[in-house]
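Report on the following structure.
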Protein chains: 2
Amino acid sequence: MPPHSRSHSARPATIKDVARELGISISTVSRAMRDFPDVNPATRQAVLQMAEQLDYQPNQVALSLVTKHAHSIGVIVPNLDYFFATAVRGIDEMALEAGYTVLTCQSNESYGREITNTQRLVNTRVDGLIVSLSSATSNVDHFRRLLLRGLPMVFFDRVGTDLEASKVVLDNKDGAVQAVGHLIEQGCRRIAFLGGPASLFISNQRQEGYLATLRAHGLPIIEELITHGEFDREHAYRATLQLLDLQPRPDAIFAMSDRLAVGALLALRERGVRVPEEVALVGFNDEPVMSLLTPSVSSVAQPAFDMGKVAAQLFIEMLNSDQSLPPQTVVLKPTLVVRESSLLRRG
Amino acid sequence: MPPHSRSHSARPATIKDVARELGISISTVSRAMRDFPDVNPATRQAVLQMAEQLDYQPNQVALSLVTKHAHSIGVIVPNLDYFFATAVRGIDEMALEAGYTVLTCQSNESYGREITNTQRLVNTRVDGLIVSLSSATSNVDHFRRLLLRGLPMVFFDRVGTDLEASKVVLDNKDGAVQAVGHLIEQGCRRIAFLGGPASLFISNQRQEGYLATLRAHGLPIIEELITHGEFDREHAYRATLQLLDLQPRPDAIFAMSDRLAVGALLALRERGVRVPEEVALVGFNDEPVMSLLTPSVSSVAQPAFDMGKVAAQLFIEMLNSDQSLPPQTVVLKPTLVVRESSLLRRG
DNA sequence: TTGTACGCGTTATCAA
DNA sequence: TTGATAACGCGTACAA
């Protein structure tokens, strides 16, 4: 049994308990706990020891009520797939170093839940928000209001175009340029684009890159090779089957995400189309699964971890400087990872 | 421009602002906001309208300082891979319904970070914790202390054996029994076990199931077919290569996780071993990738989403009942999903 | 039906 | 070097 076995097994000890037990004032305890210079070494000793004994730890709730500073970052992501889980890890890493706790919420790709999450986090007085928009979010007024109120916010990956805030984004267009450029180098001429929802900014940016590259190489833009739809494998599967019915059919598919690329691959397999010989394939995200597929699938790799890290970095800079900094936008470069699904010349 | 454009763009409105603006007391505002019966309808009307106008929302920090109730659940998971991301979604779902906010932290499989996360969450006065242990955690004193103090806690999946708390676990042994039983049915006789760290409880439970099934079928237990090691693909890859060097070599591999199964598959591919004809393979978790591999890999499916949901349910029940309920343990059943990698008799 | 006053646990200011 | 006290934003007896 411990020396002074704790009589209050329910209620955590407060600063008052420590003060009472020692017969001194709470202000002295407060100062001792925070290593203030003007406190008697003997007193500090005693306080620290008693705090240890009572297992006293400052109540952060009371603390943030006073300081209006919670030392926590609210993170809202659409889901926790590989990309976002990795990005959150990046945020986590950076935040931990700076002494912040990360509170992660999923909007589940729902506009309503994004709003709920936002309100909840703000009401618990997080110091600010790091956000990636849900795919259902087109109206960003709920964020704009907070921005006007002066709440520190950083957006990443899926960012709002007309939001005056700091952002960390991928050079999506460049990623598409790399992918399509590579396919053209491999000899492909009829390259299809498997897009996501037309409302999704990143989907459009990637499409832009696709179009620009075709133009740059003097290739025609064929409308029927450009598809849009839901952001899931099922849609990609059906769209690919349709593409394969065209005459002449495409000799390559560039999917704006790996999820779509997988759907495409399943369709290609089912039709017995040889990849890459008959149809080459490139995805976007470089999820771990891509290297395990047969054939392994080329993909544009995003620096997910770094995106999270940079977002947190920007965020912490905002907090540490008292003048409100002007919004910054950091653009990160993707890297094409070439695998079997798009290697034609030298296999 | 809005009617009464807000003059205090920085400071969020408080209950005082509403009261002052209306020339009434804060208690009246407080009551009106919370739909108390004994408040003049006209007054309530005015309060609600003014609250709207000032964009007033109760400060949860102050609120939980008073009520000692944060309406939030702290969740600590070792990582955010497919299984845990899904479980967290289950927790999220349940918690949202009950009006709780979920604050998720990753321990990153580190004992130290698990402790840090725990302290941070507790100090921000979450109402309790839902936890899955890091693989590096063998000492659970930090949780036991909180339990003694009366903090509501639910553990799931990776639970501590000697912890007096509610738990949600998978019937790991049964999962292994299903997997190994299936392999035996398919005609396999020399079945290897690819285990994780020997310290990991779930790894041992699965091994138990493996051993029990061999015994039940009168098959010999061959020590050299049982391996242990790190919880990663690389280890599984190397271990599999060693297994393949044995004389006679195994005709099946049961991996205690999909991550290990993938490592095994890579080794099998590299050696040109035909799956399942020469060596059959079954994993554990049923991650989406398993169905995409070539050959597709059989796996024991865990109800990850349900595990999260049930954990949250148990947690909320604890909070809602004032007497401290005795710890419950809910055991969920896994389901074997058979795919190409283990289908021998009828392909 | 409404208002006053106290307390939640802490920091900060000022006085001793 | 230490202590008393106001304040943070809110809920809640108790009084009016």
Side-chain angles (χ1 to χ4, degrees), chain A residues 8 10-48 50-51 54-72 119-120 122-127 149, chain B residues 8 10-48 50-51 54-72 119-120 122-127 149:
Chain A
H8 45 268
R11 188 175 56 82
T14 75
I15 197 172
K16 286 184 188 171
D17 298 323
V18 179
R20 182 167 20 75
E21 212 72 13
L22 249 39
I24 60 179
S25 79
I26 61 169
S27 359
T28 303
V29 175
S30 172
R31 281 187 282 252
M33 291 295 295
R34 286 175 300 155
D35 273 337
F36 270 41
D38 56 352
V39 50
N40 190 315
T43 313
R44 184 199 327 285
Q45 225 356 282
V47 168
L48 260 35
M50 182 57 71
L54 298 180
D55 193 20
Y56 163 68
Q57 274 158 317
N59 181 333
Q60 297 297 326
V61 174
L63 209 158
S64 48
L65 181 59
V66 171
T67 63
K68 296 170 171 307
H69 200 22
H71 263 267
S72 64
Q119 270 185 5
R120 289 256 177 96
V122 169
N123 289 350
T124 58
R125 299 300 191 266
V126 292
D127 294 327
R149 192 197 267 183
Chain B
H8 44 267
R11 189 174 56 81
T14 75
I15 198 172
K16 285 184 191 171
D17 297 324
V18 179
R20 184 168 16 76
E21 212 72 12
L22 250 38
I24 60 178
S25 80
I26 63 167
S27 23
T28 303
V29 175
S30 170
R31 284 186 281 251
M33 290 295 295
R34 286 173 304 151
D35 273 337
F36 268 43
D38 57 350
V39 51
N40 190 316
T43 314
R44 186 203 321 290
Q45 222 2 278
V47 167
L48 259 36
M50 181 56 72
L54 299 180
D55 193 19
Y56 164 66
Q57 275 158 315
N59 180 333
Q60 297 296 327
V61 174
L63 210 157
S64 51
L65 182 58
V66 171
T67 63
K68 295 171 172 307
H69 200 24
H71 264 268
S72 63
Q119 270 186 5
R120 290 254 178 96
V122 169
N123 289 349
T124 59
R125 298 300 190 267
V126 291
D127 295 326
R149 193 196 267 182

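Residue numbering restarts at 1 for every chain, and letters A, B, ... go by the order of the sequence lines.
Looking at residues two or more places apart in sequence or on another chain, you find no side-chain hydrogen bond (donor to acceptor under 3.5 Å, both in side chains) involving B:Thr43. The side chain to side chain contact (heavy atoms under 4.5 Å, CB included) check on B:Lys68 picks up nothing, with sequence neighbours excluded. Residues satisfying the side chain to side chain contact (heavy atoms under 4.5 Å, CB included) criterion with B:Leu22, sequence neighbours excluded, are B:Val18, B:Ile24, B:Ala46, B:Val47, B:Met50. Under the rule for a side chain to side chain contact (heavy atoms under 4.5 Å, CB included), the partners of A:Ser27 that lie at least two apart in sequence or sit in another chain are A:Ser25, A:Arg31.
Here the P atom of nucleotide D:dC8 and the CG atom of B:Asp17 are 11 Å apart, to the nearest Å. Between B:His69 atom NE2 and D:dC10 atom C1' there is a gap of 16 Å when expressed in whole angstrom units.
Atom NE2 of B:His69 is separated from atom CD of B:Gln60 by 11.0 Å, given to the nearest 0.5 angstrom.
The two residues B:Leu65 and A:Leu65 have their closest heavy-atom pair at CD2-CD2, 3.3 Å. Of all the heavy atoms in B:Ala70 and B:Ser64, the pair that sits closest is CA-CB, 3.8 Å.
If you check residues 26-34 of chain A against DNA chain D, the residues with a heavy atom closer than 4.0 Å are A:Ser27, A:Thr28, A:Arg31, listed by number.
Within 4.0 Å (heavy atoms only), B:Asp38 reaches at least one base atom of the nucleic acid. Heavy atoms of B:Val39 sit under 4.0 angstrom from primed sugar atoms or phosphate atoms, though from no base atom. Base contact: A:Leu65 has a heavy atom under 4.0 Å from a base atom. Within 4.0 Å of A:Thr43, counting heavy atoms only, lie sugar-phosphate atoms of the nucleic acid but no base atom. Counting any heavy atom pair closer than 4.0 Å across all strands shown, B:Asn59 reaches sugar-phosphate atoms only and no base atom.
In this structure, A:Asn123 contributes its side chain and A:Arg120 its backbone to no donor-acceptor pair below 3.5 Å. In this structure a side-chain-to-backbone donor-acceptor pair under 3.5 Å is present from B:Asp127 to B:Ser72.
Heavy-atom distances to DNA chain C give each of B:Lys68 and B:Asn40 a nearest nucleotide, and the one nearer the 5′ end belongs to B:Asn40.
Bounding nucleotides for the chain B contact on DNA chain C, 5' to 3', at a heavy-atom distance below 4.0 Å, are C:dT1 to C:dG9.
Of the side-chain N and O atoms in A:Ser25, one or more sit less than 4.0 angstrom from OP1 or OP2 of D:dG3.
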